[in-house]
Structure formats: C-alpha cells, structure tokens
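Worksheet for the structure shown next.
In what follows, chains carry the letters A, B, and so on, assigned in the order in which the sequence lines appear, proteins first and then strands, with residues in each chain numbered from 1.
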Amino acid sequence: MDNDFVKEITPKSQDFSQWYVDVILKAELADYSPVRGCMVIRPYGYTLWENMQQLLDRRFKATGHKNAYFPLFIPESLLQKEAEHVEGFAPEVAWVTHGGKELLAERLAIRPTSETIICNMYSKWIKSWRDLPVLINQWCNVVRWEKSTKPFLRTAEFLWQEGHTAHKSEEEAEEETLRMLEVYRDFAEADLSLPVIKGRKSDNEKFAGALKTYTIEALMGDGRALQAGTSHNLGQHFSKAYDITYLDKDGQLKHVWQTSWGVTTRLIGAIIMVHGDDRGLKLPPNIAPIQTVIVPIFGKQTELVLNKARELFSYLKDEIRVELDDRDEYTPGWKFNNWEMKGVPLRLEIGPKDIQKRQVVLVRRDTGKKTAVSESELLPSLKVLLGDIQQNMFKQAKNFMQENIRQVNDFEDFKQLIDKKRGFIKAHWCGSSECERYVKEQTGATLRCIPFCEEKVPGKCLVCNKESDTVVYFAKSY
RNA sequence: CGGGGUGUGGCUCAGUUUGGUAGAGCGUCUGCUUCGGGAGCAGAAGGUCGCAGGUUCAAAUCCUGUCACUCCGACCA
C-alpha cells in the first residue's frame, strides 16, 4: 500500500492535528460554520451518529430506560440550587436575556447539561417508593461556551445523550451507575472497535455535583487520552437540593439516590483518531454509513457491467448498507482512493473479467487485502469479512493501546515518558489531591482514572513516596 | 483567557519586504477518447485579496481596529 495515493490529507505522522482536521473535511463528516466554535455535521457524519445512536438506544431500552425530552432553557434560579454544580458549569453557560425586544425578568441558561431541570420535574413526579426507579434518557444538544474548540472533540454546541435515573437506595444507584458504564464499554469495544479502560475519576476530575464519577478512557493515535464516556453516581446531592423525596414502605420520607451518564458526538472524534491512517478514515463496519461500496469497472462493456452491478446492489441492499458508485466521470482508481478516504470497510469490484468468471473482487480497507469470491458465496463471504474487519480493527487498536501503557515508579522517568512517548502511564498514587495536582503542574498529564481491573500491589506514591497499594493511569488528554 | 501563526477563485498556495492592470497548480463546466489504484486532448467559466476604518493620485501590499481558523498553555465532554 502506497501512501502517495492520498493527495489531500496531511500525513498522520507529520502533523496529527492537521491530519485530523483534513480527514474530517475531506471525508465530509463535518464542516466549519459561520458560528464561532460550532460545526455543521454533514450527512455522512450524521449518518455515523445515527448508527451509533441506534446501537446505544437499543442497549438503553434493553436495560429498562425510556426516552423523554426536556426544555433547552433552564431558568437561572433553578440552575443555582446545587452549589457545586453551578460553580462547575457557570463559566461556560450561554444565557438568553431577551425575548424579542423585551428584557426577560429572569435569564435563561441554554442547558450545559440537564440535571437541574430534570431534577425539578422529578421532585414533582416522585412521591412514593412505588414510583421508583425512574429510568429516563434524553437525546439532545447542549451548549458549553468553550474557549478553544476542535471539530467533534470540543465544540460550543454538541449532541449527546444524557441518562438520568432515581433510585430507592445508594446500592441501587451505584449498581445503575456501573451498569451503564459497562453498557458504554461494551458499545465502545464491540461496535466502535474502541478499546477502553474502565475506572473511577479522582475527586479533582469528577463531575460537578457528583458523589462519584466513573469513566471509560480511550487512547488516541497520538498517545493522548480521551474521556469517551462518563457515568455519575450523584448520591443525594441533587435530591436534597431539589427536594426529591418519596414516602417509603416504612412510612419514612426519604431522598432518592440518583445517577446520570452520557456520551457525545466526541466519540466520532475518537473513531477518527484511533482507527484513521494516512489514507483517511477507517470505519468499523457496525457503524459505517456505507459498509460496502460497489465499484464497477466498465472497460468497453459499460452496459453489461452496469447491469451486473445493479443486480448485485439490489441483491445486497436489504442485507447490508451498500452503495453503488456508478458515476461515469471518475475512473476506478479515483473511486478506490475516494472511498478509502471515507473509511468504507469493504469494496466490491466488478468488471468484465469477473463477470466471465462469475465472481467479484472484495478489498478490505483495514488490510488492503483482495480476494476473489464466487457470486454464489457473495453474501456469506461479505458478512464474514465485515465481522472480521470489525474484530481486527479492535485488535489493532487494543495492541496499540497495550504498547502505550507503561509503568513507572520514578517521577523523572514519568516526566521523560509523558514528554517523549505520551500514552498511558501507570503509577502508584497515595490518593491525595496535592500529589495529583503536582503531577499536572509538572508534566501536563492528568489522572485519567483509578482502574477497576488492577490487583492491589504494594508500592510507593509517584510523588510523595508514601505507601500506596493503588495503581492509577495518567496521560496527557484531549 | 495569555503567547505564536494564518486568512488571496471551490481547494492548496505565490504575490506583501520595496504600494502601480490579481497569478499558478489542482478542481469545476462542454465535447471527444478512456476505465482492474487518483486518465488524455481541445475549449470555457470562475476572485469587491476575511471584515471595517484610515494614509495615498493609487492599497492584496502601509497603519488601526475587528472577526474566524490554527498551534502551544490555562479551562472543559
């Protein structure tokens, strides 16, 4: 595979940021808009999001959640009830001050997240233990007035889903928080081929207003970490501030225990940065808007080939997401490059030679490997290949992540590594916020998570040398 | 929000130092020939030089302001 084929994209190794933006623009996922910090998600990118939505939504429904919709506007007084929450979000809230020409009596926040308005409704809806649990999810947009933005990774307005649940007990809320984190992990790894590390956020890094925040952390192609999804155990912080109480079986009035959890269009950024290469996007088949593109090679027999290509298309169109590129104005070579840039997992070539042999040629985006498949075997072969690509992409990403997890015990080594190689660095940590902050100040790396699946090993804190049995992950992050 | 960079046909950029008729390549359009890894020939269209002021006989070029994008920090999904 020769990289000279791709002319429009800056090589990944040369300038990762430029490469990232090139891929987004050239693959037509998104475009800049006239509004500062806001992008347009183009049809190809939006279809990607729709496919992700479907796969997630199915999982939410399967775990008992229902979708609802709450207002975009939040009255200032409502937003201010939970002190920690306001303080966390105040710097990035956009305000509506006028309705037409009239000054509003009370400013309206454009939701940066919906805990406050949802809690307000929950206090009205929840009266009895019989009303619990409440399991609601919302698909919507939110606005955060960010200082610096980057397509998909951080934009002033973005799309997401936010789940908000209320429970009888702390245990039940904790169980829900972890259940949804696992849903995210499964979705990321199975459908996005995106390996992640599950863990808990430190107090410094947790959500404003939460008791505990759990996260899935992914590693991008340039060695920086990305928070790919979060699930918060809100405890009773919000139920106390918003007065969400129920009468329990024992006749006692109690505050509910709550959770909230979300993933965003940022995941599209993760997919680009984890899987993409110098030829452009590389999409996992489960979410690819087009899973297979048919490229007819006309030769001198345009009619014959075109008819065959159309026949194949209508045979496949109810089985997989397939597109027929029968444009006459581009040569096959041009189309190959173009569809590779757009990340289509599998290409189906059909030409005069193939028709003669009753076969088609299949070409994988992930390995570039070509195979001739007899027409009678086409559908099963396609399905096997798509499944294999899905898994292979996960394997490759997982290997990359594994190769970029390094353990150190010495602070100087840590500094060197974070600077030269980036990636995740595992190190002992005593649990103090001071040590955590020190690492950030000295190296720019943050504590990404306190992982679940690490055995307790005795050691000494990276910073203060105190005894510690906890190994945590640090990284520079987006 | 602090420091650097950039803004010129659809795209990538030259021209700015030293003010004087707005350029190239790619793409687009038309026609013919092509088609198994970015085709060839012939012809054509397309730009108030990010925006607003100012200096000047004259501004893409000089000055002031402003906006957007981008990189590095701080803040955040």
Taking the ring of A:F474 and the ring of A:F414, is the distance between their centroids below 6.0 Å? yes
Record whether the side chain of A:R347 comes under 3.5 Å of the base of B:G37 through a donor-acceptor pair of N or O atoms. yes
Let's see if you can work this out: which of B:G36, B:C1, B:C76 has an atom nearest to the side-chain heavy atoms of A:D354? B:G36
Sugar-phosphate, base or nothing in reach of A:D15, heavy atoms under 4.0 Å: nothing
Against the side chain of A:P352, the closest entry in B:G36, B:G37, B:C75 is B:G36
Complementary nucleotide for B:U6 - Watson-Crick or wobble, under 3.5 Å: B:A68
Under 4.0 Å between any heavy atoms, over every strand shown, what does A:Y32 touch: base, sugar-phosphate, or nothing? Just pick one. sugar-phosphate
Considering Watson-Crick and G-U wobble pairs with both distances under 3.5 Å, what does B:C35 pair with? none
A:I9 CD1 to B:C11 C1': how many Å, rounded? 14 Å
Between A:T215 and A:R448, do the side chains contain a donor N or O and an acceptor N or O under 3.5 Å apart? no
Separation of the P atoms in B:C49 and B:G53, to the nearest angstrom: 13 Å
When both distances are under 3.5 Å in a Watson-Crick or G-U wobble arrangement, the nucleotide paired with B:C29 is B:G43
Tell me which nucleotide among B:G36, B:G37, B:C69 gets nearest to the side chain of A:V361. B:G36
Do the side chains of A:K308 and A:D354 get close enough for a salt bridge, i.e. N-O under 4.0 angstrom? no
Spacing of the C1' atoms in B:U12 and B:C69 (rounded, Å): 16 Å
Rounded interatomic separation in angstrom, taking OH from A:Y20 and P from B:U70: 10 Å
Establish, yes or no, whether a centroid distance under 6.0 Å links the rings of A:Y122 and A:H164. no
What is the base-pairing partner of B:C13, counting Watson-Crick and G-U wobble geometry with both distances under 3.5 Å? B:G23
In residues 196-207 of chain A, which residues come under 4.0 Å of RNA chain B by heavy atom? none
Base, sugar-phosphate, or nothing for A:G37, non-hydrogen atoms under 4.0 angstrom? sugar-phosphate
Please tell me if A:K147 has a side-chain N or O lying less than 4.0 Å from either OP1 or OP2 of B:G2. no
Using the P atom as the point on both nucleotides, what is the distance between B:A68 and B:C51, in whole Å? 15 Å
Taking CH2 from A:W19 and P from B:U70, how many angstroms apart are they, rounded to a whole number? 16 Å
From C-beta outward on A:N337, which listed nucleotide comes closest to its side chain: B:C35, B:C75, B:G37? B:G37
Can you tell me if the side-chain N/O atoms of A:Y478 get under 4.0 Å from OP1 or OP2 in B:C76? no
In terms of heavy-atom contacts, A:A225 and A:E217 come closest through CB-OE1, 4.1 Å
When we call it a touch if two heavy atoms are under 4.0 Å apart, what does A:K150 touch: a base, just sugar-phosphate, or nothing? sugar-phosphate
Of all the choices, B:A68, B:C76, B:G37, which nucleotide is nearest to the side chain of A:E340 once you look at every atom? B:G37
Same-atom distance (C1') from B:G20 to B:A74, integer angstrom: 48 Å
Could you measure between the two P atoms, the one in B:G50 and the one in B:G38, and give it in whole Å? 37 Å
Closer to the 5' end of RNA chain B via nearest nucleotide, is it A:V35 or A:E441? A:V35
Ring centres under 6.0 Å, that's the criterion: do A:Y214 and A:F452 meet it? yes
Quantified in whole Å, what is the C1' atom distance between nucleotide B:G7 and nucleotide B:G15? 15 Å
Counting the atoms with a prime plus P, OP1 and OP2 as sugar-phosphate, which does A:Q227 contact under 4.0 Å by heavy atoms, base, sugar-phosphate, or nothing? sugar-phosphate
Which is true for A:E146 with a 4.0 Å heavy-atom rule: it touches a base, it touches only sugar-phosphate, or it touches nothing? base
Just call it for A:R144: base, sugar-phosphate, or nothing, with non-hydrogen atoms closer than 4.0 Å on any strand. base
When rounded to whole Å, the CH2 to C1' distance for the pair A:W334 and B:G38 reads 8 Å
A:V363, nearest nucleotide to its side chain (from B:C35, B:G37, B:C76): B:G37
With heavy atoms under 4.0 Å as the rule, sort A:T215 into base, sugar-phosphate or nothing. nothing
Measuring only the C1' atom in each nucleotide, how far is B:U48 from B:A52? A whole number of Å is fine. 14 Å
Is B:G73 paired to anything, Watson-Crick or G-U wobble with both distances less than 3.5 Å, and if yes, which nucleotide? B:C1
Within the pair A:T331 and B:A39, is there a side-chain N or O less than 4.0 Å away from OP1 or OP2? yes
Is the centre of the A:W261 ring less than 6.0 Å from the centre of the A:F60 ring? yes
How many whole angstroms separate atom CD of A:E87 from atom P of B:C75? 14 Å
Which nucleotide wins on minimum distance to the side chain of A:T302, given the candidates B:U28, B:C35, B:C1? B:C35
Length of the CG-C1' vector between A:D328 and B:G31, whole Å: 14 Å
Look at A:D419 together with A:K415 and state whether they make a salt bridge at an N to O cut-off of under 4.0 Å. no
From B:C71, B:G37, B:A68, pick the nucleotide closest to the side chain of A:S17? B:C71
Please determine, for the side chain of A:N338, which listed nucleotide (B:G36, B:U70, B:G38) has the closest atom? B:G38
Is the shortest heavy-atom distance from the side chain of A:D277 to the side chain of A:K282 under 4.5 Å? yes
Mind checking if A:L226 touches a base, just sugar-phosphate, or nothing, with heavy atoms under 4.0 Å? nothing
Determine the interatomic distance between P on B:A45 and the same-named atom on B:A24; round to the nearest Å. 13 Å
Atom CD of A:E329 and atom P of B:U33: how far apart are they, to the nearest Å? 16 Å
Mind checking the CZ-NE2 spacing from A:R107 to A:H98? Nearest 0.5 Å is all I need. 12.0 Å
Please figure out whether A:A156 or A:P151 has its closest RNA chain B nucleotide nearer the 5' end. A:P151
I'd like to know whether the aromatic ring centres of A:F89 and A:F207 sit less than 6.0 Å apart in this structure. yes
How many whole angstroms separate atom CD of A:E303 from atom P of B:C35? 16 Å
For a quick check of understanding: with a heavy-atom distance under 4.0 Å over all strands, which category does A:T149 fall into, base, sugar-phosphate or nothing? sugar-phosphate
Give a yes or no on whether the ring-centroid distance for A:Y438 and A:F411 is below 6.0 angstrom. yes
Among B:G37, B:U28, B:U70, find the nucleotide with the atom closest to the side chain of A:Y330. B:U28
